[in-house]
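First the structure, in the form of C-alpha cells, and then the observations on it.
Lettering of chains follows the sequences in order, A, B, ..., and the numbering in each one begins at 1. Bear in mind the structure is a predicted one, so any value in this text is a computation, not a measurement.
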Protein chains: 2
Amino acid sequence: MQEIADNAGINKAMLHYYFRSKDKLFDAVFEDALKDFLPKVNELLNAELPLFEKIEHFVENYISILLENIYLPSFIIYEINQNPEKLTSLLKNKKDLHTEIFKRQINDAVKKKLIDPIDPVQLIINMIAMCIFPVIWKPIIMKIFGMSEKAFIEFIKLRKKEIPRFIINSIKKSVK
Amino acid sequence: MQEIADNAGINKAMLHYYFRSKDKLFDAVFEDALKDFLPKVNELLNAELPLFEKIEHFVENYISILLENIYLPSFIIYEINQNPEKLTSLLKNKKDLHTEIFKRQINDAVKKKLIDPIDPVQLIINMIAMCIFPVIWKPIIMKIFGMSEKAFIEFIKLRKKEIPRFIINSIKKSVK
DNA sequence: GTCTATATAGGGATAGAC
DNA sequence: GTCTATCCCTATATAGAC
C-alpha cells in the first residue's frame with residue numbers, strides 16, 4: 001500500500017479513504033484491467049473475416065495488446081490460481097470471452113472440408129497458448145536461449161507472422 | 001510459516017532452526033522442485049529418437065509430469081516474474097534446459113527437407129506453450145468453456161495426442 | 001534438537017486535526 | 001478531501017530453558 005501510494009503521489013491514508021481496504025483496491029485494479037482487455041479480445045474473436053484471415057488478424061493484434069500490457073498475463077494467472085472463486089464473482093455480470101461464433105466458424109470450415117477435422121476448443125487454446133505463453137515465460141526464455149531484452153521483443157514480434165503460419169499450415173486441408 | 005510448520009508437524013521455531021529464514025526456505029523449496037523437474041525434461045528433450053517420434057514422446061510425457069505437478073508451473077512463473085534475478089542465481093551452478101541437440105535435430109530435418117523451414121526456437125516454444133499453458137490457465141478455461149474439473153483433466157489428456165498431431169501436421173513437408 | 005515465550009518490524013487500517 | 005500520528009495485528013525471527 002505504501003509503494004502504491006508513493007507511486008500515486010498520495011499517502012496510505014488516502015488510499016484507504018478511496019478504496020476502503022486493500023482487498024477492494026485489488027478488485028478495482030483487476031476489474032479495470034479486464035474491462036479494458038476483454039472487449040478488445042472479444043472484438044478480435046468475432047471479427048467478420050474468413051477463418052484464415054481471422055486467425056492472422058487475431059494473433060497479430062492480440063500479441064500487440066500483450067506487448068502493451070506485458071505484466072498483465074502473469075498477474076491475472078497468479079491471482080486466479082490463488083483465488084479461483086474470484087474469477088466467477090468478477091465476471092458474473094460482465095462480458096466473458098465469447099468464443100461461440102469462432103467455434104462455429106471452425107466447425108463450418110471442417111464441414112466444408114476447408115480444413116482437417118479438429119476440435120475448435122483445442123484449436124483456440126493452441127492459438128491463445130502460443131500467443132500468451134512466451135510473454136509469461138519471458139525471463140526463462142531469455143535465460144535458456146540467451147536473449148537480451150531487445151532480442152526477446154524481436155522474437156515475440158516475429159511470432160505475429162510465425163504463429164498464424166504455423167496454425168494454418170497445420171489445419172489446412174492436406175493434398176491427398 | 002505457521003501453516004508450513006503445522007503441515008510438517010513441527011513448530012515455527014524449528015522451521016527457522018532448519019532454514020534460518022523464510023527466504024532461505026523458499027529457495028530450498030524452489031531448488032528442490034527444479035532439481036526434480038529439470039532432469040526429466042532434459043531427458044525428454046535429448047531422447048534418441050527421430051524428430052516426429054521425439055515430439056510425440058516429449059509432449060506425452062511432459063504433460064504427464066505436468067499433471068502430477070499441476071501447481072508447479074504457476075508457482076514458478078509467479079516467482080520468476082517477481083524476481084527475475086533469482087533465476088540466474090538458482091540455475092547458475094545447475095543444469096539448465098539443454099535444447100542444443102533438439103535444435104540441431106530440427107535444423108537437420110529442415111536441411112534434409114523432411115520438414116518445412118522453421119526456426120527451431122520458435123518451434124520449441126510453440127510445443128512447450130501448448131503443453132504448459134492450459135495447465136496454468138486451468139480456472140479460466142474451465143469457466144470459458146464450462147468444463148468441470150473432470151472434463152478439464154480429460155481435455156488435457158486428449159492433448160497428449162492432439163498437440164503432436166497439430167505440430168507434425170504443421171511442419172511436415174507439404175506435397176507440392 | 002526441540003520447545004515456550006518473546007522481541008521486533010512492517011503493513012493494513014483508523015482517529016482526528018485541518 | 002488531505003494530512004500526521006497512531007493503533008493494532010500478524011508474521012518473521014530470536015532467546016533461552018530443557
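Side-chain polar atoms of Q2(A) and D6(A) form a donor-acceptor pair below 3.5 angstrom. Residues K138(B) and S74(B) have side chains that never bring a donor and an acceptor to within less than 3.5 angstrom of each other.
Two residues are said to be in side-chain contact when any heavy atoms from C-beta on lie closer than 4.5 Å; L66(B) and F37(B) meet this criterion. In this structure, L67(B) and K157(B) have side chains that are in contact, with non-hydrogen atoms separated by less than 4.5 Å.
Atom pair D6(A):CG and dG11(C):P shows a separation of 11 Å (rounding to whole Å applied). Here the P atom of nucleotide dG10(C) and the CD atom of Q2(A) are 12 Å apart, to the nearest Å.
For the side chain to side chain contact (heavy atoms under 4.5 Å, CB included) with I106(B), the qualifying choice from T99(B), I115(B), I55(B), D119(B) is I115(B), the only one to do so.
Here salt bridge (Lys or Arg N to Asp or Glu O under 4.0 Å) pairs that include residues 68-87 of chain B, with residues two or more places apart or in two chains, are D23(B)-K86(B), D27(B)-K86(B). Within the structure, no pair that satisfies the ring-ring contact (aromatic ring centres under 6.0 Å, His included) test touches residues 105-128 of chain A, not counting sequence neighbours.
Remark: A28(A) pairs with F19(A) by the side chain to side chain contact (heavy atoms under 4.5 Å, CB included) rule, at least two apart or across chains.
DNA chain C lies under 4.0 Å from at least one heavy atom of each of the following residues of residues 8-19 of chain A: K12(A), A13(A), H16(A).
On the nucleic acid side, DNA chain D contacts chain A at distances under 4.0 Å to non-hydrogen atoms, with the end points of that region at dG1(D) to dT4(D).
Comparing the end axes of the helix from dG1(C)-dC18(D) to dC18(C)-dG1(D), each fitted to five base pairs by superposing C1' atoms of four pairs onto the next four, gives an inter-axis angle of 10° (nearest 10 degrees).
By the rule that hydrophobic residues join a cluster once side-chain heavy atoms approach within less than 4.5 Å of another member, L49(A) and L123(A) end up as members of separate clusters.
Classification of E162(A) and R165(A) as a salt-bridged pair holds, one side-chain N sitting under 4.0 Å from a carboxylate O.
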